[in-house]
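Notes to accompany the following structure.
Starting from 1, each residue takes its place in the sequence as its number.
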Amino acid sequence: RPHSLSVRLAPTVRNREPRARRTLLPLCSVVRDVSNPDEGPICPTIPVGDGAPFSLGPDAGRRVLILHGLTGTPWEVRPVGERLASAAYRCTGPLLGGHASYEQLRASAWGDWAQSSERWLGELAAKQPIAVIGFSMGALLALRLAAIAPGRVAALVCMGTPLVLKPYQRWGIRALGQLARVPGLDTLTARIAKPSRTDCSIRSVAAQYPGFDAFPRSSLLELLRLQATVRPLLSQVRCPTMLIHGGHDHSAPVGNVQYAAAQLTSAPTTTKVLSRSFHQIAWDVDATERADSISTFIQTHYPPTTTAPC
């Protein structure tokens, strides 16, 4: 059973965040107006709504494994792959185990998600260490890979990492687990609809998000179990690590940046908070800043071996 942790958000971060309606569950979003709420997709070469796995960049490029989040698809991280592919990296964004359909996700456990990430790491890092990038639940998996296979991960980027949820989010998930034992309520609480499709401030992008529009109750409980598994492993991560987060993330509290940085005692750590973004930072309004930051970090700690295409 996962132990309870609480993270105190820095007052400066908490005071900057505009008032927003609380959602009972994590990873459910509240889309609100921003300065350009109908701005188009940040990466115009990617059709919004295309959730297919991807392999991008030159075959001879150094390998980068990029992992999506819970209920999501590789679409969530493809802009990251596009940018690094242009810098001569070979980027792979697989569909994680349990995510081929809603029913498959409902029947899966966190171990299924982890096993698929291990399988891809084994394939891509068979000859030399690689860089691993994860978003949301994928960031938890990436941290776990860096901890249990330190010789295979040369650099690590964690985007919107939900190591710890807000107390009311944890309470809500555990309450759902208790309701599952009540006759008549087990079916009613098995599927948790999202208030909006994804936590992105650009409404046109959020409306076409290609992931699932609901969480299986079982998957939220498995997320808590995955968190409880990863937190004790953080001190075992030794590779250079970047923690990057949206300043207005409604899904994973921005305090996770400070928490993770404090726990990564053996890893050189870089932190970045994107001041205007929600949870879906690969597609949100600070995407250019995000792309520059991740590209610079990867090229510094995991330099390309081939020349970028013109």
Side-chain angles (χ1 to χ4, degrees), residues 1-3 26-27 51-55 63-78 80-81 90-165 173 177 210-212 214-239 241 252 260 264 267:
R1 181 176 180 177
H3 56 281
L27 313 178
F54 59 82
S55 292
R63 269 37 181 177
V64 181
L65 174 61
I66 314 180
L67 305 173
H68 65 79
L70 183 62
T71 74
T73 70
W75 172 89
E76 294 179 318
V77 292
R78 180 156 179 159
V80 180
R90 180 65 174 176
C91 299
T92 299
L95 185 68
L96 289 169
H99 284 72
S101 68
Y102 181 87
E103 286 304 312
Q104 187 183 97
L105 182 59
R106 185 179 63 82
S108 68
W110 74 263
D112 299 308
W113 317 335
Q115 285 176 13
S116 64
S117 70
E118 290 177 32
R119 186 165 57 251
W120 279 101
L121 179 67
E123 178 177 330
L124 297 177
K127 296 182 179 179
Q128 59 181 348
I130 66 169
V132 180
I133 300 174
F135 166 67
S136 197
M137 179 271 285
L140 297 178
L141 298 179
L143 283 165
R144 180 177 175 274
L145 291 177
I148 67 174
R152 292 189 166 191
V153 181
L156 177 66
V157 177
C158 299
M159 305 189 297
T161 314
L163 280 162
V164 182
L165 301 178
I173 295 173
F212 303 140
F215 294 99
R217 175 186 58 218
S218 57
S219 296
L220 293 173
L221 293 166
E222 288 299 314
L223 176 65
L224 293 186
R225 296 182 182 109
L226 176 58
Q227 290 175 320
T229 299
V230 171
R231 287 192 296 257
L233 299 177
L234 296 180
S235 62
Q236 299 178 35
V237 176
R238 289 176 170 76
C239 65
T241 300
L264 289 166

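- Remark: Thr161 OG1 to Met137 CE distance equals 12.5 Å, nearest 0.5 Å.
- Using a 4.5 Å heavy-atom threshold, the side chains of Trp113 and Leu226 count as touching.
- Residues Ala147 and Leu233 share a closest heavy-atom pair of CB-O, 3.6 Å.
- At least one donor-acceptor pair closer than 3.5 Å links the side chain of Glu76 to the backbone N or O of Gly69.
- You'll find the side chain of Arg78 stays beyond 4.5 Å of the side chain of Ile66, heavy atoms only.
- You'll find the side chain of Val237 stays beyond 4.5 Å of the side chain of Pro150, heavy atoms only.
- In this structure, the side chains of Met159 and Ile133 come closer than 4.5 Å at one or more pairs of heavy atoms.
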(request) Test Val157 against Val80 for side chain to side chain contact (heavy atoms under 4.5 Å, CB included), laying out the working first. (result) CA-CA 11 Å; Val157 177; Val80 180; over 6 Å; no
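- Between the CG atom of Leu67 and the CH2 atom of Trp120 there is a distance of 10.5 Å, given to the nearest 0.5 Å.
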(message) Let's go through Val64 and Arg90 carefully: what are the C-alpha distance in whole Å and the side-chain angles of both, what is the deciding distance for side chain to side chain contact (heavy atoms under 4.5 Å, CB included) to 0.1 Å, and is it a yes or a no?
(response) CA-CA 6 Å; Val64 181; Arg90 180 65 174 176; over 6 Å; no
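- Listed for the His68 side chain is no donor-acceptor partner under 3.5 Å among the backbone atoms of Val77.
- Formation of a donor-acceptor pair under 3.5 Å by the Arg63 side chain with backbone atoms of Ala131 is not found in this model.
- Looking only at distances, a side-chain donor or acceptor of Ser116 sits under 3.5 Å from a matching main-chain atom of Gly97.
- The structure places CD of Glu118 at 4.5 Å from CD1 of Ile148, a figure rounded to the nearest 0.5 Å.
- Side-chain contact between Leu224 and Leu165 is present, with heavy atoms from C-beta onward closer than 4.5 Å.
- Of all heavy-atom pairs between Arg144 and Val230, the closest is CB-CG2, 4.2 Å.
- Side-chain atoms of Thr241 come within 3.5 Å of backbone atoms of Cys239 as a donor-acceptor pair (strictly under, hydrogens ignored).
- Going from atom CG of Leu140 over to atom OG1 of Thr229 covers 10.0 Å, rounded to the nearest 0.5 Å.
- Put simply, the side chain of Gln104 gets close to the backbone of Gly98: a donor and an acceptor are under 3.5 Å apart.
- Pro53 and Pro94 make their closest contact through CB-CA, 4.3 Å (heavy atoms, listed as atom of the first residue, atom of the second, distance).
- Heavy-atom minimum distance, Ala142 versus Val132: CB-CG1, 3.6 Å.
- Using modelled atom types, no side-chain atom of Ser136 and backbone atom of Gly138 make a donor-acceptor pair closer than 3.5 Å.
- Gln236 places a side-chain heavy atom less than 4.5 Å from the side chain of Arg238.
- Smallest separation of non-hydrogen atoms from Ala146 and Val153: CA-CG2, 3.9 Å.
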Please tabulate, one pair per line, all N/O donor-acceptor pairs under 3.5 Å involving side-chain atoms of residues 214-223, not counting sequence neighbours.
{"residue": "Arg217", "atom": "NH1", "partner": "Asp186", "partner atom": "O", "Å": "2.8"}
{"residue": "Arg217", "atom": "NH1", "partner": "Thr189", "partner atom": "O", "Å": "3.4"}
{"residue": "Arg217", "atom": "NH1", "partner": "Thr189", "partner atom": "OG1", "Å": "2.6"}
{"residue": "Ser218", "atom": "OG", "partner": "Arg106", "partner atom": "O", "Å": "2.8"}
{"residue": "Ser219", "atom": "OG", "partner": "Leu105", "partner atom": "O", "Å": "3.4"}
{"residue": "Glu222", "atom": "OE1", "partner": "Trp110", "partner atom": "N", "Å": "3.0"}
{"residue": "Glu222", "atom": "OE2", "partner": "Arg225", "partner atom": "NH1", "Å": "2.6"}

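- If you take CG on Leu65 and CD1 on Ile130, they are separated by 5.0 Å, rounding to the nearest 0.5 Å.
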(message) Would His99 and Leu70 count as a side chain to side chain contact (heavy atoms under 4.5 Å, CB included) here? Give the steps.
(response) CA-CA 8 Å; His99 284 72; Leu70 183 62; 4.1 Å; yes
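- With rounding to the nearest 0.5 angstrom, the CG atom of Leu163 is 6.0 Å from the CG atom of Leu143.
- When all heavy atoms are compared, the tightest approach of Gly81 to Phe54 is CA-CE1, 4.3 Å.
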